Structure formats: structure tokens, C-alpha cells
Amino acid sequence: MRKKPSLTADQRGLFRLVRQTIGTNPFTAERQRLDRELAGAGATPEARLARAIRRVGESVAGLAAAGGGDATRYDGEDRELVRAVLLFHLFHEYMARFDVHIQAQEGAGHGAVTVEFADECLGRLRRGGFGAEEASRALAMFFQLRRAFHFIHTGLAGASRCMQELRVQLWNNVFTHDFLTYERLLWNRLEDFSTLLLGETGTGKGTAAAAIGRSGYIPFDARGGRFAQSFTEIFIAANLSQFAESLIESELFGHRKGAFTGAVETHEGVFGRCLPNGAIFLDEIGEVSVPVQIKLLRVIHERVFSPVGSHEGRRFAGRVIAATNRPLETLRASGRFRDDFYYRLCSDQIVVPPLRQRLGEDAGELGLLVGHILRRLCGKDGVPKTGEVVGCLEAQVGAGYAWPGNVRELEQAVRRILLKGRYDGQAESGAPPGAVPGLAGEIEAGRLDARALVARYCQLLYERSGNYGEVARRTGLDRRTVRKYVLG
């Protein structure tokens with residue numbers, strides 16, 4: 001009987017490090033540490049990654065040359081280590097081609113485009129010991145990893161500490177805190193993990209939701225040579241505040257022709273349009289009435305809904321992402337937001353930080369964001385105007401401007417400067433010239449006594465975090481006192 005190969009002690013040490021790297025969130029400090037250890041050198045994260053990829057590639061080539069490039073030839077831990085290293089190596093081999101494919105799919109929109117390199121990649125996976133089904137799933141996982149990095153890294157620009165933490169949380173929401181556990185147990189089970197996004201108006205909750213929703217797992221269709229759906233189709237957003245109370249149930253669940261006066265044809269609601277592997281974004285969830293909350297609760301719990309005027313139970317197989325700019329604990333305390341509905345929504349709860357917090361942590365964030373906006377508005381040729389636009393903002397609204405409209409206001413400010421050459425912030429809304437907005441303005445004007453000052457500060461912190469415990473930690477007050485101040 002032919003003796004099975006085994007790894008050397010040096011190979012085993014390196015491959016364990018690779019497996020640990022695979023399981024770690026790429027936006028964390030721990031991942032940066034592992035990349036440094038794996039690379040051994042490199043001044044920048046990009047240089048370290050390139051060196052790490054080369055090092056692993058050399059090890060894989062060595063295995064292949066010795067006839068050990070097939071993971072199934074090994075036993076026990078060695079088999080799992082070789083499998084992990086092959087996945088790491090092939091993912092990075094095809095990373096640039098996945099990026100091109102993502103751009104092609106964004107350009108094509110609906111309708112999945114052919115994956116030109118799929119057969120080649122699948123063939124290499126099969127030669128590495130992966131069965132047909134396992135290889136197909138690995139290819140789909142490669143695509144999901146690269147999509148998630150694209151939408152989280154590119155779509156949510158910012159170097160501030162709070163934005164770094166936001167990217168960590170979004171990645172964990174898609175893949176959990178341990179990718180190896182996700183890949184083994186949860187890759188097709190995240191529909192039961194709802195997400196609640198909190199934050200002020202204009203902070204980018206919709207962008208964060210889209211990053212999650214477009215990063216879901218999409219199986220590969222080997223017969224068609226493409227993925228089962230386009231990622232542009234699997235995310236559906238609905239702003240609940242725009243629907244009248246009498247129509248919201250129809251907009252969510254659809255209706256049958258003749259279900260009510262004016263229902264002249266059958267209408268497919270948001271839940272009916274959601275594809276398998278998809279996600280629904282319910283914005284302004286804090287605005288919906290209790291009866292609608294009860295119906296949504298049933299859908300999230302039982303995964304079944306019925307269009308208005310029908311008794312047909314239809315299966316909903318997507319994830320639910322909800323968002324609000326309202327303080328939910330206040331709504332819950334008043335009975336306007338049901339506790340059971342809240343607990344069905346908050347498998348994960350993520351706070352999207354306000355722009356003033358981001359700029360307070362990193363003054364360079366303004367230039368980074370302005371450059372990002374200009375690139376989107378004008379293409380790469382618009383980026384050189386970043387310094388000019390930032391200069392206008394600093395001269396006209398000041399470095400301490402609170403940006404009450406957050407990133408959404410900044411986007412309009414950039415447009416205003418491109419059109420008119422200036423932006424005056426709050427002064428354009430009728431505020432006195434030089435007025436300081438928000439809590440800072442009330443303090444400067446001397447309008448607050450001690451109790452009101454503490455109350456306003458607690459309310460501001462709560463608006464940012466959505467959590468009484470976090471406010472208590474930041475202020476040094478007990479939770480009951482914080483709640484009294486927030487509720488007024």
C-alpha cells in the first residue's frame with residue numbers, strides 16, 4: 001500500500017498560519033499582524049500581501065513538484081492544512097480576474113454574465129482534490145469574498161477609527177467573525193440572521209445595507225457557466241416612510257387583482273420580488289405602525305407571507321436588513337415599537353457613525369471623502385480638484401462645522417461648489433451667519449443650564465450609539481439616570 005505523504009514541520013507551521021489568516025477579518029488589526037507574520041517583510045499592507053502571496057505560491061509549487069498537490073493524498077490535520085493553502089493560493093491567483101468580472105457585472109446590470117475563467121479555476125480545484133460540488137462552492141465563495149471586499153472597502157471610504165470599525169462589523173455580518181466557521185456551517189443559513197442599522201439621517205445606512213445585501217452567497221451554475229443571479233438583482237431597498245399606511249401592506253407583500261378598490265391588476269410586493277440568496281432593506285423601520293410590525297414579525301419568524309387578497313402562503317428565502325434614525329429604546333419604551341419585533345430584527349446591530357465623529361477622529365477624512373465624491377461625479381479626472389473643494393469648505397463653513405446632514409449634506413456641498421463656487425452650510429437654511437449648529441451652538445449661546453446640558457449630551461450620545469449602556473459608560477452615569485435624561 002502506497003504510503004501517504006506528510007508535511008514537514010516547517011510546512012505545517014506555515015500552513016497553520018495561512019489557515020489562521022483565512023479565518024480572520026481582513027479589516028482587523030489581527031489580520032494585519034498575521035499578514036506581517038506571513039510575509040516577513042513589506043513596508044505597506046499591499047507590499048506585505050504581495051510577498052505573502054508569493055511565499056504561499058512557492059510552497060504550493062513545491063508540493064506539486066513533489067507530487068503532493070492533491071489534498072486528498074494527506075490524512076488528518078495535514079489534509080485540512082493543504083486544502084486551506086490551496087484555497088488561499090487559488091483565490092489570490094484569480095483575484096484580479098474576479099475584479100474584472102465584478103466590473104463587467106456592474107456594467108451589465110440584471111442578468112448574470114458568463115465567468116470566462118470558471119472552467120480553468122474549477123479544473124485546478126479538482127486537481128487539488130476538491131470534488132465537483134466542493135469545487136463549485138469554492139468558486140462561489142471566491143466570488144463572494146471579492147464582492148464583499150469591493151463593496152465594503154470601496155463603497156465605505158474613510159480612514160477614521162469609527163469607519164475602520166464599521167468595515168469590521170460589516171464583514172462580520174456577511175461572513176461572521178470566523179470565516180472558516182462560516183464556510184463550514186453557515187454559508188447557506190444566514191437568512192435567519194437579520195440586521196438592524198442605526199444612525200442619523202444621511203450617514204450612509206443605505207450604502208452599508210447595500211454592501212451587506214450585494215455580498216451574499218450566490219451559487220455557481222456550472223451548466224450555464226455563470227453565477228445563478230447577478231448581485232445587482234439580489235438586493236431590494238424599500239423606504240417605508242414613503243408609503244401610506246393603507247398601502248404599505250400591499251407594497252411589502254403584494255396584492256391580487258380585485259383585492260381592494262383600485263387593485264386593477266396583480267402587484268408583486270417587495271418580499272415577492274426578493275430572489276433566493278437575496279436581501280431586503282427596510283429603511284425607516286421606526287416609522288411603521290404596530291399592525292404592520294406584527295405582520296413583518298410573522299414573516300421574519302415563519303419565513304412565509306401572503307399577498308393581500310390571497311390565502312396562498314409564499315416562502316421568503318432572503319435576509320432582512322432594517323434601518324432607522326430614530327432612538328429605538330425610546331420608541332420601545334413608549335410602546336410604538338414592539339419588543340418582540342425588535343428582538344427578531346437585531347441578530348446584529350450596527351451603528352453607522354455621523355460625519356462629525358469621523359472628522360473629529362481624523363481630519364484627513366474630509367479630503368478622502370471629497371475625493372471619493374468627485375471621482376463618482378466626474379470620473380478620475382475630477383480628483384485633482386479635491387484640494388480646491390476642501391479649501392472652499394474650510395474657508396466657508398469652517399473646520400468645526402458639525403455637518404448636521406452628514407455625508408448626504410457633504411455630497412450636496414461638493415455639487416454646490418462645482419456649480420456656484422461656494423457652500424455656506426447652515427447659513428443657507430436661514431441660520432445666522434457664523435452660527436454653530438447643534439449642541440455646540442446651544443453651549444456657545446449660553447442657553448443651557450447644568451441639567452439641560454447633561455440631558456442634551458446624553459441625547460446626542462444616544463443618537464450616535466442607540467444604546468443606553470454605551471451612553472452610561474461614556475458619561476460615567478448609571479443606566480437609569482441616562483434613560484431619564486434621554487427620554488426627557
Side-chain angles (χ1 to χ4, degrees), residues 2-26 31 34-35 37-40 48-99 101 115-149 175-176 178-188 217-220 222 225 227:
R2 187 175 182 181
K3 183 180 179 182
K4 292 201 171 187
S6 61
L7 299 174
T8 67
D10 286 345
Q11 286 175 324
R12 199 169 287 124
L14 173 63
F15 290 8
R16 283 172 179 161
L17 180 59
V18 171
R19 183 172 62 180
Q20 187 179 358
T21 300
I22 290 172
T24 304
N25 187 319
R31 176 59 183 267
L34 290 169
D35 284 346
E37 188 175 348
L38 186 59
R48 288 194 294 271
L49 178 60
R51 184 175 173 85
I53 292 169
R54 284 197 302 272
R55 185 183 180 194
V56 173
E58 290 166 0
S59 295
V60 169
L63 286 180
D70 182 340
T72 61
R73 296 190 59 202
Y74 298 82
D75 279 331
E77 184 193 17
D78 282 1
R79 174 180 289 198
E80 293 304 312
L81 291 176
V82 172
R83 178 183 182 276
V85 166
L86 289 173
L87 288 173
F88 180 94
H89 172 65
L90 286 173
F91 170 71
H92 288 96
E93 280 271 295
Y94 287 92
M95 189 168 65
R97 295 171 78 173
F98 273 112
D99 289 345
H101 179 76
V115 186
E116 302 292 348
F117 54 90
D119 287 345
E120 177 187 316
C121 184
L122 289 170
R124 294 180 67 176
L125 283 163
R126 295 294 300 275
R127 290 192 293 276
F130 293 78
E133 184 177 341
E134 190 182 19
S136 184
R137 185 152 64 87
L139 181 70
M141 205 71 73
F142 290 168
F143 183 43
Q144 185 185 12
L145 284 164
R146 202 55 192 163
R147 260 185 297 129
F149 189 85
F175 296 111
T176 81
D178 177 10
F179 175 76
L180 295 176
T181 298
Y182 169 81
E183 188 254 351
R184 187 174 69 255
L185 300 175
L186 292 169
W187 59 274
N188 63 344
Y217 178 85
I218 303 175
F220 180 70
F227 293 101

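Position 1 is the first residue of the sequence, and the numbers go up from there. Because the structure is predicted, anything quoted here is derived from the model rather than measured. When reading the values below, keep in mind they use all heavy atoms of this one structure, side chains included, and skip hydrogens, waters and symmetry mates.
- A heavy-atom distance below 4.5 Å is not found between the side chains of Leu49 and Leu38.
- With hydrogens and angles ignored, the 3.5 Å screen pairs no side-chain donor or acceptor of Glu120 with any backbone N or O of Phe117.
- By the salt bridge (Lys or Arg N to Asp or Glu O under 4.0 Å) test, Glu58 is found to be paired with no residue, residues two or more places apart in sequence or in another chain being considered.
- Taken to the nearest 0.5 Å, the CG atom of Leu122 stands 8.5 Å off from the CZ atom of Arg126.
- The heavy-atom pair separating Phe227 from Ala140 by the smallest distance is CE2-CA, 3.7 Å.
- Side-chain atoms of Tyr74 never come within 3.5 Å of backbone atoms of Leu81 as a donor-acceptor pair (strictly under, hydrogens ignored).
- With hydrogens and angles ignored, the 3.5 Å screen pairs a side-chain donor or acceptor of Arg51 with a backbone N or O of Ala39.
- In this structure, Arg137 and Phe130 have side chains that are not in contact, with every pair of non-hydrogen atoms separated by 4.5 Å or more.
- Partner Phe91 forms a ring-ring contact (aromatic ring centres under 6.0 Å, His included) with one of Phe142, Phe179, Phe149, Phe143 and no other, that one being Phe142.
- Rounded to the nearest 0.5 Å, atoms CG (Leu86) and CG (Leu125) are 8.5 Å apart.
- Considering OH of Tyr182 and OG1 of Thr176, their distance stands at 8.5 Å, rounded to 0.5 Å.
- No side-chain heavy atom of Val85 sits less than 4.5 Å from a side-chain heavy atom of Gln11.
- With Arg31 contributing its side chain and Thr24 its backbone, the two residues share a donor-acceptor pair below 3.5 Å.
- Atoms CE and OG, on Met141 and Ser136 in that order, are 10.5 Å from each other to the nearest 0.5 Å.
- The two atoms that bring Ala84 and Ile22 nearest to each other are O-CD1, 3.2 Å, heavy atoms only.
- Contact check for Tyr217 versus Asn188: no side-chain heavy atoms found under the 4.5 Å cut-off.
- Residue pairs meeting the salt bridge (Lys or Arg N to Asp or Glu O under 4.0 Å) criterion with at least one member in residues 78-95, sequence neighbours excluded, are Arg12-Asp78, Arg83-Glu134, Arg83-Glu183, Glu93-Arg124.
- Considering only heavy atoms from C-beta on, Glu77 comes within 4.5 Å of Arg19 through its side chain.
- You'll find the side chain of Val115 stays beyond 4.5 Å of the side chain of Tyr94, heavy atoms only.
- Residues satisfying the side-chain hydrogen bond (donor to acceptor under 3.5 Å, both in side chains) criterion with Arg55, sequence neighbours excluded, are absent altogether.
- The CD atom of Gln144 sits 4.0 Å away from atom CZ of Phe175, with the distance rounded to the nearest 0.5 Å.
- Put simply, the side chain of His89 does not reach to within 4.5 Å of the side chain of Val18, judged on heavy atoms.
- A donor-acceptor contact under 3.5 angstrom links the side chains of Asp70 and Thr72, judged on distance only.
- A salt bridge between Arg97 and Glu116 is absent, with no side-chain N of the basic residue lying under 4.0 Å from a carboxylate O of the acidic one.
- Side-chain atoms of Thr21 come within 3.5 Å of backbone atoms of Leu17 as a donor-acceptor pair (strictly under, hydrogens ignored).
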